[in-house]
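In what follows, a structure is listed as structure tokens, so that the remarks can point back to it.
It should be emphasised that the depicted structure is a prediction, and the values quoted were computed from it without experimental measurement. Heavy-atom basis, side chains included; hydrogens, waters and symmetry copies ignored.
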Amino acid sequence: MVQGVRVNMANVVVVGAQWGDEGKGKIVDLLTQHADIVVRFQGGNNAGHTIVLKGEKFVFHLIPSGILYENKTCVIGNGVVLDPAVLIGEIAELKKRGYLKNDSQLMVSDAAHLILPYHRKIDIARDRVFKIGTTGRGIGPAYEDKAARYGIRAVDLMDEEIFRTKLMDNLRQKNLYLSEVLKEEPLDFSDIFEEFLRFKKQIGKYVHNTSILLYEEIQKGKQVLFEGAQGALLDLDHGTYPYVTASNTVAGNACAGAGIGPTMIHSVIGVTKAYTTRVGEGPFPTELKDEVGEKIRERGGEYGATTGRPRRCGWFDAVVVNHAIRINGIREVAITKLDVLNDFDKIKICVGYRADGKLLHHIPSNLDLLERSEPVYEELEGWKGDVNGAKTISDLPIQAQQYLKRIEELIRVRITMVSIGSERDETIEVKNPFQSVTS
């Protein structure tokens, strides 16, 4: 542990430094012990965070993974698009398994936009025509309505007449689009209205102005952990557009998506696997379409927590992670799933791309150029041994230490956490991000 002087407070953002699925849930769960409040600030139930605690597996799609600590407050921020049915299902599952005993532990922003049945139907129908690998959860169409200024928010659902008026207005437009453009059956107003009134009764007690709550708690010196969904390369502005998600996944959006100011953020942690994965369509320079890629997939259990789709797998890509470091302001990195590489003779790291006779060290904005890019690799010796059980970096096999050191050299950011197994305690914590060294 790096020694330092504890400041009055420290608020930390955790983001994915690849294409999502980096293991952020485990890192957030581990760091929650140092925080008072955990906030999910963007995305929807297209994301899935998997936690293994005492051999028991938990998958979260909306609720911050910090909910497994009884004395922590968890907030779903205004930047999230919320499917009430999914939220209710997660709450019920947690209670069934002995968690969320106190409802005040969970809060939902009243400014969070709702996902409605027409969002999901439009999402699925459009992806049949223009395939980008959407999860079909209605995330993109819900964000479209938000930007177009006719979205329906949680606060609207709390007022029956406001919700009735907005739903009627929206459904007239959506049914026309569904029937005339997408050639789908229109939806019934009464069915949706009655269903969502039932949702209101179930989630109303969780809905609050969470921006005020967060501001007041931060003023008191409480420490906040901001949890991102997906990853940097899926960011709407800075990812591999159009094969991206519908929100800004970068750390800067923690402020807009939670309702607090940028001066309240003190550090950003980027999470990356010891290799690379991607779900859905889009360019992936280090993808391995051979037995090596299949071996990584099977050893890493690389199947989507939300969709169950097999993830595309490849070697660690320093170009991708450097891109994520730049656009997020990442100050430290957590490496996950190092143990998946236990049994390889040789391990490769991508240090650049070659395209059209040129060497590239940055992600090109031109998607065609990125598609044509071939990875330039360095090859390192594998450690052919078990990293599980290591308590410090020096406990790892020397080849594993060299692998991590080379990654640090390439990304120029210190690795402060290394996950070597699925359980909470199977993590080497080099530095606590909630402790700072004063200059």
Could you check whether [Y] and [X], counting side-chain N and O atoms only, form a donor-acceptor pair closer than 3.5 Å?
{"X": "T272", "Y": "Q18", "value": "yes"}
{"X": "T245", "Y": "S247", "value": "no"}
{"X": "Y206", "Y": "Q105", "value": "no"}
{"X": "N209", "Y": "S211", "value": "no"}
{"X": "Y275", "Y": "E302", "value": "yes"}
{"X": "T240", "Y": "R278", "value": "yes"}
{"X": "K26", "Y": "S422", "value": "no"}

Contact between [X] and [Y] at the side-chain level, heavy atoms closer than 4.5 Å - yes or no?
{"X": "I152", "Y": "F196", "result": "no"}
{"X": "K289", "Y": "E294", "result": "no"}
{"X": "Y377", "Y": "V351", "result": "no"}
{"X": "I67", "Y": "K72", "result": "no"}
{"X": "Q202", "Y": "P84", "result": "no"}
{"X": "L288", "Y": "R312", "result": "no"}
{"X": "I398", "Y": "Q402", "result": "yes"}
{"X": "V224", "Y": "D36", "result": "no"}

Do any N or O atoms from the side chain of [X] and from the backbone of [Y] form a donor-acceptor pair under 3.5 angstrom?
{"X": "N170", "Y": "Y150", "result": "yes"}
{"X": "Q401", "Y": "L396", "result": "yes"}
{"X": "E423", "Y": "G55", "result": "yes"}
{"X": "E90", "Y": "H61", "result": "yes"}
{"X": "D290", "Y": "G293", "result": "yes"}
{"X": "R331", "Y": "S267", "result": "no"}
{"X": "T277", "Y": "C313", "result": "no"}
{"X": "N46", "Y": "G44", "result": "yes"}
{"X": "K384", "Y": "N342", "result": "no"}
{"X": "H113", "Y": "G151", "result": "no"}

Next item on the list: List for me each residue that meets salt bridge (Lys or Arg N to Asp or Glu O under 4.0 Å) alongside R126, sequence neighbours excluded, and say none if there are none.
Entry: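 In terms of salt bridge (Lys or Arg N to Asp or Glu O under 4.0 Å), with neighbours along the sequence ignored, R126 is linked to E144.
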Note to self: What verdict does the salt bridge (charged side-chain N to carboxylate O under 4.0 Å, His left out) test give for K348 and D317, after you've listed the backbone C-alpha separation in whole Å, the side-chain angles of each residue and the deciding distance to 0.1 Å?
What the structure shows: CA-CA 9 Å; K348 294 181 180 180; D317 190 334; over 6 Å; no
Note to self: Holding to ring-ring contact (aromatic ring centres under 6.0 Å, His included), I want the full list of residues that pass it with F284, two or more places apart in sequence or in another chain.
What the structure shows: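 F284: ring-ring contact (aromatic ring centres under 6.0 Å, His included) contacts with W19.
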Considering non-hydrogen atoms only, spot the tightest contact between [X] and [Y] and give its length.
{"X": "A142", "Y": "V81", "result": "CB-CG1, 4.0 Å"}
{"X": "T210", "Y": "S109", "result": "OG1-CB, 3.2 Å"}
{"X": "V319", "Y": "G352", "result": "CG2-CA, 3.6 Å"}
{"X": "L410", "Y": "N322", "result": "O-ND2, 3.1 Å"}
{"X": "I296", "Y": "V340", "result": "O-CG1, 3.9 Å"}
{"X": "H238", "Y": "V250", "result": "CD2-CG1, 4.5 Å"}

Next item on the list: Applying salt bridge (Lys or Arg N to Asp or Glu O under 4.0 Å) between R406 and each of E381, E379, E378, report the one that passes.
Entry: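 By the salt bridge (Lys or Arg N to Asp or Glu O under 4.0 Å) criterion, R406 pairs with just one of E381, E379, E378: E378.
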Check: About how many Å separate CD1 of I415 and CD1 of I335, when rounded to the nearest 0.5 Å?
Finding: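 Those atoms lie 4.0 Å apart.
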Margin query: Could you measure the distance from the CG atom of N328 to the OG1 atom of T249? Nearest 0.5 Å is fine.
Written below: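 Between N328 CG and T249 OG1, I get 7.0 Å after rounding to 0.5 Å.
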Margin query: Check this for me: does any side-chain nitrogen of one of K220 and E216 sit under 4.0 Å from a carboxylate oxygen of the other?
Written below: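 No, this pair does not count.
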Next item on the list: Find out whether the Lys NZ or Arg CZ of K295 is both under 6.0 angstrom from the six-membered ring centre of F344 and within 45° of the ring's axis.
Entry: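 Here K295 passes the 6.0 Å and 45° test against F344.
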Next item on the list: Please say whether the positively charged group of R424, taken as NZ for Lys or CZ for Arg, lies over the ring of Y69, i.e. under 6.0 angstrom from the six-membered ring centre and within 45 degrees of the axis.
Entry: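 Output yes; distance and angle both within limits.
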Margin query: Angle between ring planes, F316 versus Y403, binned at 30° and 60°: parallel, tilted or perpendicular?
Written below: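 The arrangement is perpendicular - the two ring planes meet at more than 60°.
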Next item on the list: Would you please classify the geometry between the Y99 ring and the F58 ring as parallel, tilted or perpendicular, with 30° and 60° separating the classes?
Entry: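 The rings of F58 and Y99 stand perpendicular, inter-plane angle above 60°.
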Notebook entry, point to check: Which residues satisfy the side chain to side chain contact (heavy atoms under 4.5 Å, CB included) test with D123, sequence neighbours excluded?
Noted result: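 Result, side chain to side chain contact (heavy atoms under 4.5 Å, CB included) vs D123: T134, P141.
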Margin query: Assess the residue pair D21 and R311 against the criterion (salt bridge (charged side-chain N to carboxylate O under 4.0 Å, His left out)); give the C-alpha distance rounded to whole Å, side-chain angles, the decisive distance to 0.1 Å, and a yes or no.
Written below: CA-CA 9 Å; D21 309 309; R311 294 176 184 140; 3.4 Å; yes
Next item on the list: List the steps, then state whether side chain to side chain contact (heavy atoms under 4.5 Å, CB included) holds for S65 with F60.
Entry: CA-CA 6 Å; S65 44; F60 299 102; 3.9 Å; yes
